[in-house]
Structure formats: C-alpha cells, structure tokens
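Hydrogens, waters and symmetry mates play no part in the numbers below; they use all other heavy atoms, side chains included.
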Amino acid sequence: MAKVLISNIALPTATIGSWTTRMSRFVIENPNFFKYILSPNKSLNTSVFCQKRAFITWKKPLRKLQLRHWVASDYIKQIKKIAIKYDKLVIVVMDDSHLVEAISLIKHGLKCEIELVFSFHGFNLTLDSKIITSIDKILWLSKLASDKNKLKYHNFPESYVIGNAIDSKIFFPLDAEKFITNRAKKGYSESDEILIWMANDRPKKGFHIFKSVAEQLLEEQTNLKVIIIGSTQTINHPNVSSVGRIPNSEVATYLQLGSYYMFTTLYEEGFGLSMIEALKCGNAVIASNLGAIPEVLKGLEQNYLIDEPEAINSWEDYFNLARTNSNFGKERLSKKNSGSIWNYEDWEAKFIDAV
C-alpha cells in the first residue's frame, strides 16, 4: 500500500494560502507519510512533477474527455504508473474538484484498489452525486459544512472534521515590551489603536464594506490607524497604510501590531484562516456570521459576529463594543491562551488519523 498526495499547487511552497502553508510544513516534517507527492514541484525525494491545465472549451460533451486527456492528464498518467506497483493506493486530493473528479473517472479501471480521499476547504460542495459516491472519505474544516452537505447527497462518504492549523510559534501576541518596540519600528505609538484588514481583491471579501466602515471610523477616532494587507486597493487617508501582498512569513509581524481585525467576507467561508491568525496575534476579531465562522470562533475570547455584513452600522457598533470591552485595545489575548487555539500539532494528529 502507498499513500499519494495530489495538489494543483506546488508542495512545498512559500505562497500564501489557506492550506498550502500547513501542507508544506507537513510534507517536509513527515517525509515518509506520502510515498508520492504529485504537484508542480520536484524538490523532494517523493515529488513527481505534475501540472494542471486549463480547459480549452466548456462545451459539456467534451468536458470529461478534456479532463482526462488534457486538464488532469499529468496526474492520471502518473497514477496509472504507480498503480502497477501496489495492491492499494490511498490518494488524497487537496481541495480541487476537477482533480478529484478526474481520479474518480479512472478509479475503477485501475488494477489496484483505490481509496479516494478529498480534503475539502470550502463550505458548499458542488460535485455531481456520481463523483460523491466514488469518494471514500472527505476531510472537512468544520462540522457545520459537513452536516450541511450531508443533507444534499445520498450515499455520503465517510467524513472527518479535522479543522485547520496555525503555527503558534509564528502567530502569537507579543509581550508588552516587544509590542511597544515593534510598533515603534513601523511608526506606531503604544497608544495607537490599529485596525487591520487582510484579504485578496475578490469582491466577496468585502473590501468595499471595510472601506466605508473605516472611512467613518477614521473621522470619529483621531488616533485610529488602519493597516491593509494583501490588496491593491487602499483608502486615501494619512492614517491608512497599505502594505499589499507580502510573504506568509511577514504576515504575523503586522498582525502582532494590531488591536482589532475586521473580516468582512460576504460569502460562506470554509474556515476563515486570517481571522484566527489575527486572533492568535492578540487582536479582537469582528467577522461576518457566515459559513463556518461561528463554529471556528465559538468559545474564543474577543470576537464579535455580524449577522448582516452589508450593514455598515453593524460593523461600527461592534467595533465600538470591541473597543470598550478590550479597554481600547489594551487588554489582549495572552500567549498561553493563544497557544491553545487551532494549533498545527492538533491538526496534524487529526489529519494523520483520518488519512
């Protein structure tokens, strides 16, 4: 028996992503867990270079043909080669509906037994029911997503809720001295209240919501500073700093300066990794009450959920509540409590057990 990992993103990688960081760490620290890693990378002994291609046309009659012989052809070719050597393969597909569909199409034509595992990082599955029946296990980020999708399909696969992982050695609140020192290095004072927003430029991440909220708050609070991470969009105000896209290794250095974090997503998130990174760094989190977010934040300190995320007044009201409850940003999560939240080591144990 051999375990095979399939990813459309290079593993390991230095890019920022919801799962690429933890999976990169996993394959480096557990070099013998997967016998083969099929991805656009060839840096490890277990690496087999494979690259996903774009569909040439979306015409339905040609879709499956393209999927097998073009889009996923690298992966299918390698799986067929590997399958000859073993009596069973456990194939884990990382969060790619096209690749899991492609494997499901060839699964029963191979000479060895195939256990197909889909590591899904969204909230709503959109796979065809025939594909669902060919998947043996689904790994979920939340129970809410698992339970919701079970209602949509018959013959639902075995499910494991394994959550997500953040490195507590990177994402943690600074002690009082370093907090002041590191702020000063970036041009902020100890008394500044810093509001952070971090996401990409997709409209569903709600930057337009954040911009409206921040502009209003900046008028009301003269010592409020705003940091925008990951977006090319900005707010024209002297108290706003836009740092754009930065390496994952630098994200914590900004989150550790903050007082509050707004997660203005407008769709059902599978997890909401950035808000937990911000929380672990000591920020009060104000987030949309959508998807898995209420489950992810349940029982944690200093978090506020917005039931109507497009209502600007709601964000302002909860921001002011967060200010009051945190003594205007002075009361922050302790390093001890931060270290108990969504740890990498906890996720790793669940992942290994599930696979």
Report yes if some heavy atom in the side chain of Lys280 is under 4.5 Å from a heavy atom in the side chain of Asn343; otherwise report no.
yes
How would you list, by chain and number, every residue that makes a ring pair (Phe, Tyr, Trp, His ring centres under 6.0 Å) with Tyr260, sequence neighbours excluded?
Phe319
Say whether Asp95 and Ser119, considering side chains only, have a donor N or O and an acceptor N or O under 3.5 Å apart.
no
Not counting sequence neighbours, which residues clear side-chain contact (heavy atoms from CB on, under 4.5 Å) with Glu310? List them please.
Ile209, Leu266
Can you find a side-chain donor-acceptor pair between Glu348 and Tyr344 that sits under 3.5 Å?
yes
Does either side chain, that of Asn124 or that of Glu268, offer a donor lying less than 3.5 Å from an acceptor on the other one?
yes
Name all residues meeting the ring pair (Phe, Tyr, Trp, His ring centres under 6.0 Å) criterion together with Phe118; count only those two or more places apart in sequence or in a different chain, and write none if there are none.
Phe120
Without hydrogens or angle criteria, can the side chains of Glu301 and Asn337 be said to hold a donor-acceptor pair below 3.5 Å?
yes
Distance-only donor-acceptor pairs under 3.5 Å for side chains of residues 127-134, two or more places apart:
from   : atom 1 : to     : atom 2 : distance (Å)
Asp128 : OD2    : Lys130 : N      : 2.8
Thr133 : OG1    : Lys130 : O      : 2.7
Ser134 : OG     : Ile131 : O      : 2.7

Lys3 charged N/C atom sitting above Phe34 aromatic ring, 6.0 Å / 45°:
no
Considering only residues two or more places apart or on different chains, which pairs with a residue in residues 66-103 satisfy ring-ring contact (aromatic ring centres under 6.0 Å, His included)?
Phe55-His98
Please tell me whether Trp140 and Tyr160 are part of a single hydrophobic cluster in this structure, the criterion being side-chain heavy atoms less than 4.5 Å apart.
no
Geometric cation-pi criterion Lys150 and Phe156, 6.0 Å radius, 45° cone:
no
Report yes or no: is the cationic atom of Lys225 (NZ for Lys, CZ for Arg) closer than 6.0 Å to the six-membered ring centre of Tyr188, at no more than 45° off its axis?
no
Distance-only donor-acceptor hits, side chain of residues 269-279, under 3.5 Å, sequence neighbours excluded:
from   : atom 1 : to     : atom 2 : distance (Å)
Glu269 : OE2    : Lys205 : NZ     : 2.9
Glu269 : OE2    : Thr265 : OG1    : 2.7
Ser274 : OG     : Tyr261 : OH     : 2.8

Provide the closest heavy-atom pair for Ile9 versus Ser39 in the form atom of the first, atom of the second, distance.
O-CB, 3.6 Å
Below 4.0 angstrom, N of the basic side chain to O of the carboxylate: do Arg53 and Asp74 qualify?
yes
Do Thr264 and Trp197 have side-chain atoms, one donor and one acceptor, less than 3.5 Å apart?
yes
Donor-acceptor pair between Gln221 and Arg323 side chains, under 3.5 angstrom
yes
